[in-house]
Every structure is written in structure tokens, then in C-alpha cells.
Amino acid sequence: MAGPDRRGGLMGGRGLTRTMVIWVPDWPVAAAAVATGRSPDEPIVVLEKGKVLATSAAARAEGVRRGQRARDAQSRCPELVVLKYDPVIDARAFDPVIACLEAIMPGVQVIRPGMCALKARGPARFYGSEEAAAEKLLDRLETYDVPGGRVGIADGPFAAEQAARASSARIRVQVVPPGGSPEFLAPLSVDVLEQPELTDLLRRLGLRSLGAFAQLAGTEVLTRFGPSGAFAHRLACGYDDRPVTGRVVPPELTRTLDFEPSVDRVDQVAFAVRAIADELIARLTELGLVCTTLRVEVGTESGRIHEREWLHPRWFTAADVVDRVRWQLQGSGTATSELTSPVVRIRLIPDQADPVGAHVDGLWGGGPDERIHRALSRVQSMLGHGAVVSVVIGGGRGFAERQTLIPWGDPPVPARPPDQPWPGAITDARRWPTPAPTTIFPEPLAAEVFGVDGAKVSVSARGELSAPPAAFRLAPAPQVADSNKLHPITAWAGPWLSTERWWDPSTESRQARFQFQTADTRAWLFTLHQTTWQAQATYD
């Protein structure tokens, strides 16, 4: 009977699960290359937070390495293709690979996109040996057009992952015999633990290999490095008792409609989509789910796929789904009824399906919010996707440019990030008092500002006024009711000078901002650009 050794493991590897880890090298590169229509054989790097996350074989041949900054990588390979890492694309591209492996060996656990694990005992008994089962998995990947896969087999997921990484293009299956994980892991660097703070400290202590780290007593490691250090110590000792749990296969919710022959009218597509929309919503209802995020893929005869993700402020009905498909077709550079390229396929993919209980109405119903939502959705269905909008406040220097109009139901993401500093912004408390204007004119109103002597007021480049503002008059315009009325100014503040986009001569703007108060107690925000006065907003 095996007993625990002084390092906290089990001698002989008993009690540990034999694990197979399937690894596809450079998976982020392959996924990003396919998403952008490039070949993985090109020199490609995938960046995350400004550093190289993964490289293609061609890029590594030029000296590009993981962890380099983009500028350093491009200096080594001038023709380098730089792609941004997108975890959604990465995971989405790996889902079909998992499905193809589950078809022959169920119980696959996803470690990360490009790497998965499963228990080795069942496949080994079915196919005759662990090596035979691994070869079957690799053949399956080759059939699915995923070349270059590797398999590592050892006691526990950690040792099996390191075995997979230790394999090569010539020896694609690396098997660590039962009980041999400590000896296999001993010469490896502590960097494989993927705990930068811990590994940096271990290196300063002279512990550069897993074997040296494993020689420490478990109780001393726990006292000195805490629970995370104790867990890393158990991994270094070859004692990884984490279970391999196969993923729960989600129900198939995607609905696909193929057109044969292809269809070149929006109304024909929308009419045909109603059937699969009803089917999708009925299936979600059976599962007690509602869809709040829907992805629509439109395949055309030209070979292009127009993809868009739609959000709903409540949840999608079948009519909502049909509306989104129609809006997407009308908004992809096509006319309202004719398509530039006939449609051959429509795919409806519910990206986010929540339990219906999470969106149930309160005890007394939804009240005004529900009525407002239904009214706006009805108007939107009649007039189009962009006809009903809501305002999101973002970043910017002026009140008008801080507004972003978002179509009803789309993510409320402003055009400019509001958390960044905006020097010279009107809302800067050091330069402008509160409250913010309650009415911002969609188009600034042209005006004239006069001094006491009746002459027009101007501002010099040094911010000097030609005369104190005494009155203003709005220029005639359809939206101005009292354009001929002269508004006496009872109080004023300014000018505040601001120069925007000085580096671009075509869009450079130098303005002087003022606040005026009139006799009717209203306050106004005015700007002067060269010799042109404009009313930007009013305080009610």
C-alpha cells in the first residue's frame, strides 16, 4: 500500500487519474488567421495587451518570440502580420474541434481554446492501449483539417499537459508511465507553473527547476508561500489530483436555413426566416430559456458572410428575430428590397440564453417600462433599426460631441470613452460650473452678440473682449421662434479659450466659450469661432 512521501504526494502515483491532454500548437494564431482570411503559414503574431501571445512557425523562424512587444517583433520580421487577440473568436473556433473529438471519445474537458483533456482509462481499454487511443484522436483531428496536434499522457492534467508540450512534430504522442510524473517533471523550469510572482521568488532563492522546488517540505511551503504556493508545490511533486470532468454538451440551438436557388429580395428572405425563427423560440421555451443576444450570419452567393450581433432590451420573440434579419440585410450596403449579392444561407445563433426566471416580471407586472419597450419596438419595426435611438453620454470636450445616439436594443457603448481625460472639456469642474445644460441643440443656432454701443462683440487671440456682452439675437431659422427678438444679457462669464485638434489643419478648431444669463432667468452656452457666434445649449 502506497503512503504519502515527505513532499505531500503519493508514492508510485496511485490514486491519480491517468489523463490525456490534446494540444493544438499555435491555436490562437490559427483561429485569428481563419477569422481574417489569412493562411497560418504566413508570419503572424497575435497580440494581447501590447505583447506577443502566440506566433506562427514562420514568425518564430525570424526570431519572433512570445512576450515580445509589437515593435520588437516587427523589427525582427518587417513583413510580420499583427492580429489582435479576441477570446470570443478563439473559443468559438475551438467549439467544432471539441465536438469532433466528442464524437469518438465523450467526456472532453476544455482547459483553454486549443487544449483539452479526457480520462485515459476508457479510451485505452476500447482501443487497446493509451498510444492507440492517442493516435485515433490525432487521426480525427487530421480528418477535421486540424493538423499538428499533440497528445500527452501522464498522471494528472498538469503532467499530461507538460508531456504534450514536450512532444514534437516527429514524436506526436508523449507517454509518461504510471508513477513516473515526478521524474518527468523534475528537470522542467519553474516557469511552467504559470505563477510569475512565485516563480520570480523561487529563482531568486536558487530554485530554478520543479525538482528542486519539490524537495522542499510541504508544510514549509504552505507556511512561506501560502495556499497557491502549496498547490504549485503539489504539481511540482507530480501529485495533481484534480478530476477530469467532461463538459456538459449544451443543447443545439443554432438554426440554419439554406436557399436553393439563392434569393435576391429582402422580403423573400424575411418571409422564409419566420419558420426557423418560430422553431428557435419554441425550442428556447421548451428549455425554459429566453434569448437576449442573437447573432445573425448571412451567407451570400459571392462567398462573403455578413455577421452581426444583436441585443434586445428584454428578450427576442419570433417577430423580433425576423426584424433583425431584415434590418441586417437592409443595412449591409444594399437597397431596401434588392440585394447586391443573392442570399444562400441564414444562420440564427443565440449567443446568450438566460433562464426565463431571470427576466420575469415583478409581482405587479412590468408597469410603464414594459409599455414603453413595446411601443418603441413597434415603432422600430415599422420605421427601421436606426429610427428609434437613445442617448449615451461619452467623452468629449463639447456637450454635443459627448452625445452618442444608439439604436434601441443595441449595446449602450459611447463613441468616445468617458473615463479618459479630456483637457478643455466643458464639464471640467475646474473650468465650468454645474449643472450641465438641460437642452442641447442638435444643430447649433447661429446668433449675433452685441455690446452696449450696439457693435458686434469679438474676442482677440489673447482672449480680450472688444466690449462686454450686453445682448444677443438668434439668426432666423425654422426651429427658432423668436429670431427677431433681442435678448438682454443680465450676467455673463467667459471667455474660455480652447484649441482642438491643432495637429490636423483640416479639422483644427479654436473657440471661445461663454455663459450668458438673460432677463427671463434662462442661461445659455455660447461659442465664438473666429467671427461666428453660436448658441450650443440652454439651461432651463
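Computed over heavy atoms, backbone and side chain alike; hydrogens, waters and symmetry mates excluded.
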*side chain to side chain donor-acceptor pair (under 3.5 Å): pairs with one or both residues in residues 135-152, sequence neighbours excluded*: Glu142-Arg172
*If you look at every heavy atom in Cys291 and Leu284, which pair is closest and at what distance?*
CB-CD1, 3.7 Å
*Cationic N near anionic O, under 4.0 Å, Asp200 to Arg204*: yes
*Report the distance from atom NE2 of His233 to atom CG of Leu222, rounding to the nearest 0.5 Å.*
10.5 Å
*In this structure, are over 12 heavy atoms from other groups packed under 6.0 Å from Arg121 atom CZ?*
no
_Verdict with reasoning, Arg255 to Arg347, per side chain to side chain contact (heavy atoms under 4.5 Å, CB included)_ = CA-CA 6 Å; Arg255 295 296 182 266; Arg347 294 186 72 215; over 6 Å; no
*Nearest atoms (heavy-atom pairs only) where Pro157 meets Asp240*: CD-OD2, 3.1 Å
*Would you say the side-chain atoms of Ser341 and Glu301 include a donor-acceptor pair closer than 3.5 Å?*
no
*Drop me the distance from Leu185's CG to Cys237's SG, to the nearest 0.5 angstrom.*
9.5 Å
*So, the side chain of Ser209 versus the backbone of Leu188: is there a donor-acceptor pair under 3.5 Å, distance only?*
no
_Residue pair Cys116 / Val110: nearest heavy atoms and the distance that separates them_ = CB-CA, 4.2 Å
*How long is the gap from CD on Glu161 to CD1 on Ile111, to the nearest 0.5 Å?*
5.5 Å
_Show, in sequence, the C-alpha distance, side-chain angles and deciding distance for Val298 and Val343, and conclude whether the side chain to side chain contact (heavy atoms under 4.5 Å, CB included) test is met._
CA-CA 7 Å; Val298 180; Val343 176; 4.0 Å; yes
_As a quick check of understanding, evaluate salt bridge (charged side-chain N to carboxylate O under 4.0 Å, His left out) for Glu297 and Arg295, giving each step before the final call._
CA-CA 7 Å; Glu297 294 181 359; Arg295 182 157 49 92; 2.6 Å; yes
_Flag side-chain contact, heavy atom, 4.5 Å: Leu137 against Leu101_ = yes
*If every non-hydrogen atom of Ala120 is compared with every non-hydrogen atom of Met20, which pair is closest and at what distance?*
CB-CG, 3.4 Å
*Short question: side chain of Glu102, backbone of Gly246 - any donor-acceptor pair under 3.5 Å?*
no
*Taking the side chain as every heavy atom from C-beta outward, state whether Val269 and Phe259 have any atom pair closer than 4.5 Å.*
yes
_Heavy-atom side-chain proximity of Phe158 to Arg242 below 4.5 angstrom_ = yes
_Treating Glu252 as the side-chain partner and Thr254 as the backbone partner, does any N or O pair qualify as donor plus acceptor under 3.5 Å?_
yes
*Side chain Asp351, main chain Leu294, donor-acceptor under 3.5 Å*: no
_Minimum side-chain heavy-atom gap Ile153-Val21 below 4.5 Å_ = no
*Step by step, work out the side-chain hydrogen bond (donor to acceptor under 3.5 Å, both in side chains) result for Thr19 and Thr17.*
CA-CA 6 Å; Thr19 305; Thr17 303; 5.6 Å; no
*Please report the C-alpha distance between Arg203 and Asp191 in whole Å, then the side-chain angles of each, then the deciding distance to 0.1 Å, and finally whether the salt bridge (charged side-chain N to carboxylate O under 4.0 Å, His left out) criterion is met.*
CA-CA 10 Å; Arg203 286 183 173 277; Asp191 293 332; 2.7 Å; yes
*Locate the shortest heavy-atom distance separating Gln109 from Thr245; write the atom from each residue and the value.*
OE1-N, 2.8 Å
*In plain terms, say whether Arg69 and Asp72 are close enough for a salt bridge, that is, a side-chain N and a carboxylate O under 4.0 Å apart.*
no
*Ion pair present between Asp26 and Arg60, side-chain N to carboxylate O less than 4.0 angstrom?*
yes
*Using the test side-chain hydrogen bond (donor to acceptor under 3.5 Å, both in side chains), find all partners of Trp23 that sit at least two apart in sequence or belong to another chain.*
none
*Intermediate values then yes/no, side chain to side chain contact (heavy atoms under 4.5 Å, CB included), Val52 and Leu47*: CA-CA 5 Å; Val52 176; Leu47 294 184; 3.8 Å; yes
*Val391 vs Thr404 side-chain heavy atoms within contact, under 4.5 Å*: no
*In Å, rounded to the nearest 0.5 Å, how long is the span from NE2 of His312 to OG1 of Thr317?*
6.0 Å
*asked:* Is there a side-chain contact between Val176 and Asp155 in this structure, where contact means two heavy atoms from C-beta onward sitting under 4.5 Å apart?
replied: no
*So do the side chains of Leu193 and Leu210 get within less than 4.5 Å of each other, counting heavy atoms only?*
yes
*asked:* Rounded to the nearest 0.5 Å, what separates atom CG in Leu253 from atom CG in Leu287?
replied: 6.0 Å
*asked:* Nearest 0.5 angstrom please: Leu118 CG to Arg247 CZ, how far?
replied: 12.5 Å
*Whether Trp327 and Trp310 hold their rings parallel, tilted or perpendicular, with breakpoints at 30° and 60°*: tilted
_Checking Glu309 against Arg92 for the salt bridge (charged side-chain N to carboxylate O under 4.0 Å, His left out) test, could you report, in this order, the C-alpha distance in whole Å, the side-chain angles of both residues, the deciding distance, and whether it holds?_
CA-CA 14 Å; Glu309 189 177 82; Arg92 185 185 302 165; 5.0 Å; no
_One pair to check against side chain to side chain contact (heavy atoms under 4.5 Å, CB included): Val24 and Met115. What are the steps and the verdict?_
CA-CA 6 Å; Val24 182; Met115 181 177 291; over 6 Å; no
*Is the number of heavy atoms from other residues, nucleotides or ligands within 6.0 Å of CZ (Arg66) greater than 12?*
no
*Short question: side chain of Thr55, backbone of Ala59 - any donor-acceptor pair under 3.5 Å?*
no
_Side-chain donor or acceptor of Gln174 paired with backbone N/O of Val151 under 3.5 Å_ = no
*asked:* Does Glu197, at its CD atom, have more than 12 non-hydrogen atoms belonging to other residues, nucleotides or ligands within less than 6.0 Å?
replied: no
*How far apart are the closest heavy atoms of Ala214 and Ala236, and which atoms are they?*
CB-O, 3.9 Å
*Is there side-chain contact between Val290 and Phe316, with at least one heavy-atom pair below 4.5 Å?*
no
